[in-house]
Amino acid sequence: MLIKKSAASAAGVLFCVLAFAEPVEYRLPLEVRPTAQSINLKLDPSKESFSGSTVLNIDIASDVDRIGIYQLGIDMHTITLRSGNAVRSLAAEVGEYDINWLSDGSPVTAGEYELSIEYTAKFSTDALGMHRTRFEDNDYIFTQMQSMYLRRAVPSFDEPAFKAPYTLTIEAPEGLTVIANTPVAAESVEDGWQRVEFMPTPP
């Protein structure tokens, strides 16, 4: 008897294991849109940090559990949401891609709101955002907001899909020159500080 040992060909089977993770939101939801923003900054080139406040008029198209906003390196002290006489205090949860999610644990119904934020931040040293530098014994502050650097200086809806006019007010030590993208609307000086209000920008 002849017994032939034949090689058995094994068919290789490839198993793919797919891990279904929670989806990461890297863009702000379009249900919440800014319609205008006012920005007030208190800037002193001799200091290492600055303070600011901003009010965003937002339009919420449908009920949402939270409001997304961009910020990077900003310490938001007070966050309030106002609709008429109703005022809510919100807390920020840090998410991915510089997004902070604002909520008080209850849904926000559709409608028009004012979102107010008071904050502090340090001047940058890499020429991005709100940058402070020294040249020939003089201190300077300048900004670089493109392409995604506004979020380093002001909590904002920092995406091209959102186009809203903004109004800028700068408080700075008296005697310094303050320049922005629009003409000056009003100026005043009190206790060694100048207040320069600029006209609104186009959207």
Is the shortest side-chain heavy-atom distance between [X] and [Y] below 4.5 Å?
X: Thr78; Y: Ser116; value: no
X: Thr201; Y: Thr167; value: no
X: Trp193; Y: Pro173; value: yes
X: Leu41; Y: Leu168; value: yes
X: Ile39; Y: Ile170; value: no
X: Asp44; Y: Asp139; value: no
X: His77; Y: Thr120; value: yes

Give a yes or no on this: more than 12 heavy atoms of other residues, nucleotides or ligands lie within 6.0 Å of atom [atom1] of [X].
X: Asp75; atom1: CG; answer: yes
X: Met148; atom1: CE; answer: no
X: Glu159; atom1: CD; answer: yes

Nearest-0.5 Å distance that lies between atom [atom1] in [X] and atom [atom2] in [Y]:
X: Glu31; Y: Ser62; atom1: CD; atom2: OG; answer: 4.5 Å
X: Glu114; Y: Thr35; atom1: CD; atom2: OG1; answer: 9.5 Å
X: Asn138; Y: Leu176; atom1: CG; atom2: CG; answer: 9.5 Å
X: Tyr119; Y: Phe50; atom1: OH; atom2: CZ; answer: 5.5 Å
X: Ser156; Y: Gln71; atom1: OG; atom2: CD; answer: 9.5 Å

Kindly indicate, with the supporting measurements, whether the criterion side-chain contact (heavy atoms from CB on, under 4.5 Å) is fulfilled by Gln37 and Asn57.
-> CA-CA 6 Å; Gln37 183 169 8; Asn57 298 96; over 6 Å; no
side-chain contact (heavy atoms from CB on, under 4.5 Å) assessment of Asn40 paired with Glu171 = CA-CA 8 Å; Asn40 189 310; Glu171 296 179 57; 3.1 Å; yes
Could you walk me through whether Gln194 and Val178 pass the side-chain contact (heavy atoms from CB on, under 4.5 Å) check?
-> CA-CA 9 Å; Gln194 60 177 315; Val178 180; 4.0 Å; yes
Minimal non-hydrogen separation, Asp104 against Ser89, with atom names |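 The pair with the smallest heavy-atom distance is CB-O, 3.5 Å.
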Work out which heavy atom in Leu102 is nearest to a heavy atom in Ile69; give both atom names and the distance.
->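 Taking Leu102 first and Ile69 second, the nearest heavy atoms are CD1-CG2, 3.9 Å.
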How are the rings of Phe162 and Phe157 set to each other: parallel, tilted or perpendicular (split at 30° and 60°)?
->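 Perpendicular.
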Aromatic plane relationship, Tyr97 with Tyr26 - under 30° parallel, 30 to 60° tilted, over 60° perpendicular =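 Perpendicular, since the angle between the ring planes exceeds 60°.
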His131 and Thr125: side chain donor to acceptor below 3.5 Å |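 Short answer, no.
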Same cluster for Leu28 and Met76 if Ile/Leu/Val/Met/Phe/Trp/Tyr side chains link at under 4.5 Å?
->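 In one cluster with Leu28: Met76, yes.
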Carboxylate-amine/guanidinium proximity below 4.0 Å for Arg152 and Asp126 =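 The answer is yes: the pair qualifies as a salt bridge.
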Chi angles and distances behind the salt bridge (Lys or Arg N to Asp or Glu O under 4.0 Å) call for Arg151, Asp158 = CA-CA 6 Å; Arg151 64 191 65 174; Asp158 193 10; 3.1 Å; yes
Check the pair Tyr70 / Asn100 against side-chain contact (heavy atoms from CB on, under 4.5 Å), numbers first and verdict last.
-> CA-CA 6 Å; Tyr70 285 105; Asn100 275 212; over 6 Å; no
